[in-house]
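These notes concern the structure reproduced below.
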Amino acid sequence: MVIRLKQLYNIVGEKVCLDHVIDSERLNEVKGFTFSGPIAIKGTAVNRAGIVSLKYSAEFTLHICCDRCLIEFDRDYCFDFEHILVRSLSSDNYSDEYIVTENDELDMDELALTDCLLSLPSKMLCREDCKGLCPECGADLNQGGCNCGDQIG
Ligand SMILES: [Zn+2]
Ligand SMILES: [Zn+2]
């Protein structure tokens with residue numbers, strides 16, 4: 001979804017509500033992650049005293065393969081994001097929180113996807129203390145383990 005920002009930039013007090021989904025077709029293009037459904041986006045962009053701020057939440061479910069034990073599962077996520085939209089950056093307002101828009105338009109799908117992917121951990125585990133698989137026999141050590149350790153001892 002592309003949000004048109006011209007009115008937002010020009011009129012103090014102007015507000016745009018976002019209620020939108022990024023569909024599976026678009027999400028299938030994301031490398032390295034499998035989404036179990038669409039990403040639901042809800043939020044507002046508002047011009048307060050000439051500053052346009054964007055606040056939104058993104059909710060989605062990822063289909064994950066645990067990095068250690070390879071079990072597959074679904075996990076729900078909900079993230080909140082906040083940005084300030086500007087037409088151009090000057091040296092005194094440079095910050096990650098600023099989003100520079102071109103032609104007074106914002107590609108909301110792209111922004112939300114980037115925000116979400118950056119918020120995810122680099123390692124996906126089924127649980128914090130996942131014991132993983134035995135390097136010898138491949139047994140799932142979360143399920144009680146195997147006898148490999150005994151034989152070495
Ligand atoms: Zn695991
Ligand atoms: Zn083993």
Side-chain angles (χ1 to χ4, degrees), residues 1-5 8 15-48 51-89 93-153:
M1 180 184 63
V2 171
I3 308 175
R4 295 184 193 288
L5 301 167
L8 258 179
K15 184 174 171 180
V16 171
C17 291
L18 309 173
D19 190 348
H20 167 68
V21 294
I22 305 178
D23 59 30
S24 305
E25 210 166 301
R26 174 74 181 86
L27 297 175
N28 286 341
E29 297 165 15
V30 179
K31 291 196 176 70
F33 295 96
T34 307
F35 291 84
S36 301
I39 299 181
I41 292 168
K42 282 198 171 74
T44 52
V46 63
N47 180 334
R48 268 196 206 95
I51 293 169
V52 176
S53 61
L54 168 71
K55 277 189 192 181
Y56 71 97
S57 67
E59 257 188 278
F60 56 95
T61 305
L62 271 189
H63 188 72
I64 295 166
C65 181
C66 175
D67 279 339
R68 280 191 202 143
C69 71
L70 306 181
I71 202 172
E72 292 188 31
F73 59 98
D74 279 355
R75 182 172 287 164
D76 297 329
Y77 290 92
C78 185
F79 294 121
D80 291 311
F81 302 105
E82 212 173 324
H83 297 289
I84 298 193
L85 306 181
V86 290
R87 281 173 157 151
S88 65
L89 279 180
N93 68 4
Y94 181 79
S95 150
D96 285 349
E97 117 187 82
Y98 288 85
I99 302 287
V100 183
T101 60
E102 269 174 50
N103 304 321
D104 292 348
E105 288 182 346
L106 174 68
D107 185 336
M108 193 59 212
D109 289 6
E110 199 180 304
L111 176 65
L113 264 177
T114 306
D115 279 345
C116 288
L117 295 182
L118 286 174
S119 301
L120 292 169
S122 56
K123 262 197 178 302
M124 293 293 195
L125 302 178
C126 60
R127 57 188 213 214
E128 274 308 311
D129 61 347
C130 173
K131 296 188 177 79
L133 301 179
C134 170
E136 298 292 325
C137 70
D140 186 344
L141 300 179
N142 297 312
Q143 310 284 347
C146 58
N147 297 320
C148 297
D150 297 347
Q151 282 162 16
I152 293 165

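All heavy atoms count here, side chains included; hydrogens, waters and symmetry mates do not. For ligands, and for the atoms within them, numbers begin at 1 and follow the listed sequence.
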Looking at Met124, is its backbone amide N or carbonyl O close enough to the side chain of Asp67 to form a donor-acceptor pair, meaning the two atoms are under 3.5 Å apart?
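Yes: the side chain of Asp67 pairs with the backbone of Met124.
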
Report, rounded to 10°, the angle at the Zn ion (ligand 2) between the two atoms SG (Cys134) and SG (Cys137).
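Nearest ten degrees: 110°.
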
Please state the angle at the Zn ion (ligand 2) spanned by SG of Cys148 and SG of Cys146: what is it, rounded to 10 degrees?
110°

Under-4.0 Å salt bridge between Asp104 and Arg87
yes

Just how far is it from atom CD of Glu29 to atom CZ of Arg26, taken to the nearest 0.5 Å?
5.0 Å

Leu117 CG: over 12 foreign heavy atoms closer than 6.0 Å:
yes

What is the SG(Cys126)-the Zn ion (ligand 1)-SG(Cys66) angle, to the nearest 10 degrees?
110°

